[in-house]
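For reference, the structure is listed below as C-alpha cells.
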Amino acid sequence: MNSKSKFEEWKARISEGKKSFAVLIDPDKIGNEQEAITIAKHCDANSVDWIFVGGSLLTRNNTKKVVESIKATTDIPVVLFPGDATQVCPSADILLFLSLVSGRNPEYLIGQHIKAAPIIKETELEVWPTAYILVESGKKTSVSYISNTEPIPSDKPEIASCTALASEMLGMKCVYLEAGSGAEHPVPEEMIRRVRKDMTLPLIVGGGIRSAEKAQQALIAGADMIVIGNAIEKNPGLMTEVSECILKMNRLDVHQ
Ligand SMILES: CC(C)=CCC/C(C)=C/CC/C(C)=C/CC/C(C)=C/COP(=O)(O)OP(=O)(O)O
Ligand SMILES: O=P(O)(O)OC[C@@H](O)CO
Ligand SMILES: [Mg+2]
C-alpha cells in the first residue's frame, strides 16, 4: 500500500498555493444525531475541506455518535480536535495531537498525551502532532479557563513566532494559532504574517472569525487552513459565503 496520508495530501495542496476551510462541530452544542447530519450535509454541499469535532469541556458523552453521524453522511475527513484524552474516538479519520505550547501547564503539554497514547495506538487514526498556540483575544475563553493557561498577548507576534519555531524544532508537524472559540477578536494578521514568515510548518488559524472577509484576511496573511465554529452555529449561511470566497481564492491562486 502506497496511498498518501491525509497530511501529505494537505501539504501537496499547500504547495500548490491552495487554502482550506474547516468547520468546527462542538458535540456539546449538538442535541441529537439529526442535527449532526444536517450540518454534515451542509458542509458537503459547500466544499468544506475538513470537519473538526471537539470541545474544551464535553458534558453530553455524544462525541462518538456525532462522529459516526458525520461519517455516515459525508466523505469530508473528520478531524478530532480534543480538549482532553477522553475525546479520542476511533471512528474519526485524523487526530490533532495538540500540545498547548503557549501555556505552562504540564497536563496540556504532555499529561493528557500519556493517557491518550495507548488508546490511540489501538486505532487507525492518523495522528498530526500539533503545536497549539493560544492568543489573547479580548475576553477569557473556554480553552484558557479549562486549561488553566495564559494566552500569548495579541500584540506580541514575536513571542508567537518563537513559540512556533521552537515547536518546529521539536518535531511538531503543524501549528494552530488559536484566538479561542467565540473570541472577541481573531488572531491579528500581523501575528499570522510573522509566524508564517519565521517557520515552515502548515498553519491553521481559528477563533473569532465571523465573516468571509476576516477568513480571507487570515488566509492572505499566511494561514493554510481556517477554522470556523461559533459564527456558523449562529448563521449557517456564512458557510456558503466563506467556502465561495476560498474557492475563488484557490481559482485565482491568490498568494500571500
Ligand atoms: C492529546 C490529546 C488526546 C488531547 C490534547 C488535549 C489538549 C492539550 C488540549 C488543549 C486545550 C483545550 C482545552 C483545547 C480545546 C480546543 C477546542 C476543541 C475548542 C472548541 O471550542 P470550545 O472551547 O469548546 O468553545 P465554546 O466555549 O464555544 O464551547
Ligand atoms: O468558534 P470559533 O470562534 O469560530 O473558533 C473556532 C476554533 O478555532 C475554536 O477552537
Ligand atoms: Mg465547547
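At a threshold of 4.5 Å between non-hydrogen side-chain atoms, the residues Y176 and I133 do not count as touching. At least one side-chain heavy atom of L100 sits less than 4.5 Å from a side-chain heavy atom of S102. At least one side-chain heavy atom of I192 sits less than 4.5 Å from a side-chain heavy atom of L203. Between W10 and W128, the closest side-chain pair of non-hydrogen atoms falls below 4.5 Å. Looking at heavy atoms from C-beta onward, V187 lies out of side-chain contact with E178 at the 4.5 angstrom threshold. Contact annotation: the side chain of I30 approaches that of I39 to within less than 4.5 Å [non-hydrogen atoms, C-beta and beyond]. A 4.5 Å side-chain heavy-atom check between F21 and S47 finds every atom pair outside the cut-off. Looking only at side-chain heavy atoms (C-beta outward), L80 and V67 come within less than 4.5 Å of each other.
By the rule that hydrophobic residues join a cluster once side-chain heavy atoms approach within less than 4.5 Å of another member, M191 and L201 end up as members of one cluster. Hydrophobic clustering (side-chain heavy atoms under 4.5 Å, transitive across Ile, Leu, Val, Met, Phe, Trp, Tyr) keeps V175 apart from L134. Placement of M225 and M249 in two distinct hydrophobic clusters is found when ILVMFWY residues are connected by side-chain heavy-atom separations under 4.5 Å, directly or transitively. When the side chains of ILVMFWY residues are joined at heavy-atom separations under 4.5 Å, either directly or via intervening members, F52 and L98 end up in a single hydrophobic cluster. Using a 4.5 Å cut-off between side-chain heavy atoms of Ile, Leu, Val, Met, Phe, Trp and Tyr, with links allowed through other members, I246 and L24 fall into different hydrophobic clusters.
Of the candidates Y108, F81, F97, Y132 forms a ring pair (Phe, Tyr, Trp, His ring centres under 6.0 Å) with just one, namely F81.
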| task | Walk me through it: do H42 and T38 pass the test side chain to side chain contact (heavy atoms under 4.5 Å, CB included)? | result | CA-CA 6 Å; H42 198 204; T38 304; 5.8 Å; no
| Pair V227-I204, side chain to side chain contact (heavy atoms under 4.5 Å, CB included): steps then yes or no | CA-CA 7 Å; V227 188; I204 305 172; 3.5 Å; yes
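Using a distance-only test at 3.5 Å, with no hydrogens or angles considered, a donor-acceptor pair links the side chain of S243 to the main chain of N46. A donor-acceptor contact shorter than 3.5 Å is absent between the side chain of D49 and the backbone of A22. A donor-acceptor pair is defined here as one N or O able to donate and one able to accept, closer than 3.5 Å; such a pair exists between the side chain of E35 and the backbone of G31. Of the possible donor and acceptor atoms, one in the side chain of D28 sits under 3.5 Å from a partner among the backbone N and O of T59. For N230 (side chain) and S181 (main-chain N/O), no donor-acceptor pair under 3.5 Å exists by modelled atom type. E126 contributes a side-chain N or O that, together with a main-chain N or O of K6, makes up a donor-acceptor pair within less than 3.5 Å. Distance alone, capped at 3.5 Å, places no donor-acceptor pair between the K64 side chain and the C89 backbone. Distance alone, capped at 3.5 Å, places no donor-acceptor pair between the R193 side chain and the A221 backbone.
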Validation: residues 148-162 side-chain donor-acceptor distances under 3.5 Å, sequence neighbours left out:
from: T149; atom 1: OG1; to: S147; atom 2: OG; distance (Å): 2.8
from: S154; atom 1: OG; to: E136; atom 2: OE1; distance (Å): 3.4
from: S161; atom 1: OG; to: D198; atom 2: OD2; distance (Å): 2.5

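Heavy-atom contacts from other residues, nucleotides or ligands closer than 6.0 Å to CD of E124 number 12 or fewer. Within a 6.0 Å radius of CD in E190, no more than 12 heavy atoms belonging to other residues, nucleotides or ligands are found.
By the 4.0 Å N-to-carboxylate-O rule, K71 lies close enough to D93 to be salt-bridged with it. Using a 4.0 Å cut-off between a side-chain N of Lys or Arg and a carboxylate O of Asp or Glu, K115 and E107 qualify as a salt bridge.
Across all non-hydrogen atoms, the minimal contact from A179 to S137 is O-OG, 2.8 Å.
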